[in-house]
Amino acid sequence: MDQPIQLSLPLPGAVDTRIYVYLTIKAKSILLFLTTASGDETSNPTPLGSFVYALPDRYNPAQPLSTPLCTVEPTIEFTTRLAKLVSKKTQLPTYVGNSISFASTALGGSVEEEMEAFQKVAALVLSKLQPVIQAAQPLSDGLVS
């Protein structure tokens, strides 16, 4: 499934701003880009955010490894957490680019607003990755199909 999946969802706490998600599922990796845009800034380019690479740790599957490839302070934590989450669930190397801006939210990007956005983005992305997640999970009885 190399065709990109393009989705959007409202940015929590913002009136007319949306989070745009661009997800590509490759055979051996996941590529995910996130950005925001409001109705009045669709013609303006969004500044580059952070770009993080995460991969499963075969010795400690619960803690994926990550490397920031490009860091922009307001977006690095969100990007790293999302890259590690997707990598952990899919057991695939994951690239995440994120330029989400919380400037248009009611509280200007409070921790609560960022957490709510993270939860919504994670739920949306993981729902689209369910076939990959199910393929990554070993059978519970230890038998190979």
Side-chain angles (χ1 to χ4, degrees), residues 1-42 44-140 145:
M1 174 186 230
D2 287 344
Q3 294 299 320
I5 300 168
Q6 298 182 48
L7 308 160
S8 74
L9 64 151
L11 178 64
V15 177
D16 65 344
T17 303
R18 298 191 65 80
I19 299 172
Y20 292 92
V21 179
Y22 186 90
L23 172 66
T24 304
I25 305 168
K26 301 279 189 181
K28 296 192 180 202
S29 66
I30 305 293
L31 181 62
L32 176 63
F33 291 102
L34 306 165
T35 192
T36 49
S38 66
D40 59 342
E41 54 182 39
T42 54
N44 296 336
T46 304
L48 178 67
S50 297
F51 190 57
V52 173
Y53 172 67
L55 69 157
D57 183 352
R58 66 177 134 165
Y59 300 113
N60 186 3
Q63 291 296 322
L65 305 170
S66 69
T67 300
L69 302 174
C70 177
T71 60
V72 175
E73 191 56 40
T75 61
I76 189 66
E77 184 181 335
F78 189 104
T79 310
T80 302
R81 287 180 40 230
L82 189 58
K84 284 183 169 188
L85 175 69
V86 172
S87 181
K88 178 181 173 181
K89 294 289 188 181
T90 63
Q91 290 298 297
L92 291 173
T94 302
Y95 297 88
V96 177
N98 171 29
S99 61
I100 292 177
S101 170
F102 292 94
S104 64
T105 59
L107 301 174
S110 69
V111 173
E112 292 81 13
E113 289 171 331
E114 285 194 38
M115 287 302 300
E116 185 178 356
F118 182 85
Q119 290 169 348
K120 289 185 179 209
V121 167
L124 179 65
V125 169
L126 293 177
S127 73
K128 296 301 178 184
L129 290 170
Q130 276 308 308
V132 178
I133 293 169
Q134 290 171 351
Q137 302 303 319
L139 296 176
S140 61
S145 59

Report yes or no: does [X] contribute a side-chain atom to a donor-acceptor pair with the main-chain N or O of [Y] at less than 3.5 Å?
X	Y	result
Ser87	Leu92	yes
Glu113	Phe102	no
Glu77	Pro74	no
Ser99	Gly97	no
Glu114	Ser110	no

Hey, could you give me the [atom1]/[atom2] distance between [X] and [Y], rounded to the nearest 0.5 Å?
X	Y	atom1	atom2	answer
Thr35	Ile100	OG1	CD1	7.5 Å
Leu11	Thr17	CG	OG1	6.0 Å
Thr105	Glu112	OG1	CD	11.0 Å
Cys70	Asn98	SG	CG	11.0 Å
Gln134	Thr90	CD	OG1	13.0 Å
Leu65	Arg58	CG	CZ	10.5 Å

Tell me the closest heavy-atom pair linking [X] and [Y], and the distance in Å.
X	Y	result
Pro61	Lys88	O-CG, 3.9 Å
Ile19	Pro12	CD1-CD, 4.4 Å
Pro93	Pro56	N-CD, 4.0 Å

Practice item. Could you check Leu124 against Val21 for side-chain contact (heavy atoms from CB on, under 4.5 Å), going step by step and ending with a plain yes or no? Key: CA-CA 9 Å; Leu124 179 65; Val21 179; 4.3 Å; yes
Review point. Run the side-chain contact (heavy atoms from CB on, under 4.5 Å) check on Leu126 and Leu85 step by step: do they pass?
Key: CA-CA 9 Å; Leu126 293 177; Leu85 175 69; 4.0 Å; yes
Check your understanding: Should the pair Phe33 and Tyr22 be assigned to parallel (<30°), tilted (30 to 60°) or perpendicular (>60°) ring geometry?
Key -> tilted
Review point. So Phe118 and Phe78, would you call those rings parallel, tilted or perpendicular, with 30° and 60° as cut-offs?
Key: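 Aromatic pair Phe118/Phe78 classed perpendicular.
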Point to revise | Flag side-chain contact, heavy atom, 4.5 Å: Ile25 against Ile5 | key: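 When only atoms from C-beta onward are counted, Ile5 and Ile25 do touch, with a gap below 4.5 Å.
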Exercise for review: Please tell me if the side chains of Leu82 and Leu34 come closer than 4.5 Å, counting only heavy atoms from C-beta onward.
Suggested key: yes
Review point. Just wondering, are more than 12 heavy atoms of other shown residues or ligands nearer than 6.0 Å to CD in Gln130?
Key: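 More than 12 heavy atoms, drawn from other residues, nucleotides or ligands, come within 6.0 Å of this atom.
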Practice item. Compute whether any side-chain donor of one residue and acceptor of the other, for Ser101 and Thr36, lie under 3.5 angstrom apart. Key: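 Not at all, the side chains of Ser101 and Thr36 share no donor-acceptor pair under 3.5 Å.
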Check your understanding: Is there a donor-acceptor contact under 3.5 Å linking the side chains of Ser66 and Thr80?
Key -> no
Practice item. Please determine which of Leu69, Thr75, Leu32, Ile76 meets the side chain to side chain contact (heavy atoms under 4.5 Å, CB included) test together with Val52. Key: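 When Leu69, Thr75, Leu32, Ile76 are each tested with Val52, the side chain to side chain contact (heavy atoms under 4.5 Å, CB included) holds only for Ile76.
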**Study point:** Leu23 and Leu7: CA distance, side-chain angles, deciding distance, side-chain contact (heavy atoms from CB on, under 4.5 Å) verdict
**Key:** CA-CA 8 Å; Leu23 172 66; Leu7 308 160; 5.6 Å; no
Check your understanding: Would Lys89 and Leu129 count as a side-chain contact (heavy atoms from CB on, under 4.5 Å) if you check the C-alpha gap in whole Å, the side-chain angles of each, and the deciding distance to 0.1 Å?
Key -> CA-CA 9 Å; Lys89 294 289 188 181; Leu129 290 170; over 6 Å; no
